[in-house]
Amino acid sequence: MTKVYSTQPPGRVLASVEQIAQIFPSADGGTLQVLDGVNLTIREGEIVALLGRSGSGKSTLLRILAGLLQPSSGEVRYRGVPVAEAEPAVAMVFQSFALMPWLTVLENVELGLRAAAVPRAERRARALAAIDAIGLDGFETAYPRELSGGMAQRVGFARAFVQRPDLLLMDEPFSALDVLTGENLRSELMAVWGERELADQSICIVTHSIEEAVQLADRVLVLGGSPGTIQAELPIHIPRPRDKRSPTFEAAVDKLYALLTGRPAGAPGAHTPLPGPLTHPLPEATSGGLAGLVEIVVAHGGQTDLPDLADELSFDIDALLPLVDAASMLGLLEVDGAQSFITDAGHAWHWAGIQESKASFAHLAVTRAPLVRTIVKALENSDTGTLRADFFRDLLRRGFNEADAERQLTLAIDWGRYGELFDYDADTDEVMLSEVASGLASLLEPGEGTDIGEGTGTGEATEQKPPEAP
Ligand SMILES: Nc1ncnc2c1ncn2[C@@H]1O[C@H](COP(=O)(O)OP(=O)(O)OP(=O)(O)O)[C@@H](O)[C@H]1O
């Protein structure tokens, strides 16, 4: 029978990180602070989920916890002893499976034991038992290329189990799988883990899925902010197996949803940077997606419970997050906990004719979306109303990596084009101001704050720096 674990009295501390900060070199030769002042403990026998949005530093924190990455400052301890290198009692499962393509399933599973110099016969016996436990019998001689994603991740689990770790670290292990395969493997993992005899084995799983966190964890830590810190902790006292439709499950999802969408604790404060493109990135939502969300909320009478809406649309709730964030950044929706309400601006935008709705979107984007505002302002301050897109890419790379900077620019161009604020010519790689935007100049007086692109000329914009760590 499956062991029903935790929500039991906490065991002894297995692993802890104290005051961790992580600073990476960024593409432009500067630095990018990903984590700051992170503290967490993992106790024997508990399952902890690290929940956060993309880029919040979850994987970085997990690698630090595993001893695979030395933090810029702070300390990692394992059973009270500072960790200086990869911790042998810790095993890791990766989103990308990370299998050796030239080795068979059996050889992949044996690999860690080989490195630990476990004798051949014991190695083989343990690997076969782990393969058996995770339902891979018959695939021992297969190569990774012959396996489906779900089977490949089973190898990832077997490779971790075979080490008999005290702490299993998992970095979004189900997110590369289709929904059904992921769901199935998640339940099997819990069954296999639950059958194991040792009561002190722990799991720390990184996820951006609220439901996955509630499904698996005894405790959910919400990582967020820039740089990332632990912003909230929610114990999940729901007996296993957990029913997604139960009121307690739904209440936990709502709570986490509110924590993820809410303002970081303590904000705004004296050290809170002014809203700018680097501190307030555009959420991943197109103008078309925003129109769809507003349409749906209007159809629900102007108010909807977001987890219910996700359910209704058969979406994982976190798929809605960027759309909801974008709608609230633009003032089209207001979010209170898990409830969202259409605002007057949202109503006006929805019911207006095409030209009018574009004009009201333009107004909202210029006044409320920092990157759109920065682009309009920089274009206004150039003689020709045209600038190379690289100018904006360079600015964005002060706070984002290459791919995220490009995504931000693409989103801003989509919003700018929809509002007819500016256009982009892919042949010349130039961004051009439209006439509509010129009329919005009065909205761009100093004082409303952007951290790049503010000032009277484009030269000044390049001198702006990413926000300093408080
Ligand atoms: N070795 C590195 N060098 C430079 N930057 C890095 C490095 N590793 C991570 N980063 C950057 O740190 C930030 C946080 O990355 P991380 O992978 O920890 O986030 P995450 O929350 O796990 O995101 P996701 O859910 O998208 O995987 C990102 O901007 C990433 O590009």
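All residue numbers in this chain count up from 1 along the given sequence. Read the numbers this way: they start at 1 and go in the same order the structure lists the ligands and their atoms.
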K.L.:
Could you name the protein residues that come within less than 4.0 Å of ligand 1, counting only heavy atoms, and order them by chain and residue number?
P.N.:
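Around ligand 1, where the cutoff is 4.0 Å for heavy atoms, the contacting residues are F24, P25, L32, V34, R53, S54, G55, S56, G57, K58, S59, T60, R63, E172, N401.
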K.L.:
Is E211 paired with R242 through a side-chain N to carboxylate O contact shorter than 4.0 Å?
P.N.:
no
K.L.:
Which residues satisfy the salt bridge (charged side-chain N to carboxylate O under 4.0 Å, His left out) test with D336, sequence neighbours excluded?
P.N.:
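Partners of D336 by the salt bridge (charged side-chain N to carboxylate O under 4.0 Å, His left out) criterion come out as none, since no residue qualifies.
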K.L.:
Judged by modelled atom types alone, do N39 and E18 share a side-chain donor-acceptor pair under 3.5 Å?
P.N.:
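There is no such pair between these side chains.
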K.L.:
Is it true that D171 and S59 share a donor-acceptor pair across their side chains at a distance under 3.5 Å?
P.N.:
yes
K.L.:
Under the criterion side chain to side chain donor-acceptor pair (under 3.5 Å), I'd like the reasoning laid out for D305 against Q339: C-alpha separation, chi angles, the key distance, then a yes or no.
P.N.:
CA-CA 5 Å; D305 177 88; Q339 295 291 315; 3.0 Å; yes
K.L.:
Using side-chain contact (heavy atoms from CB on, under 4.5 Å), reason through F157 and M170 one step at a time and then give a plain yes or no.
P.N.:
CA-CA 9 Å; F157 280 121; M170 303 196 287; 3.3 Å; yes
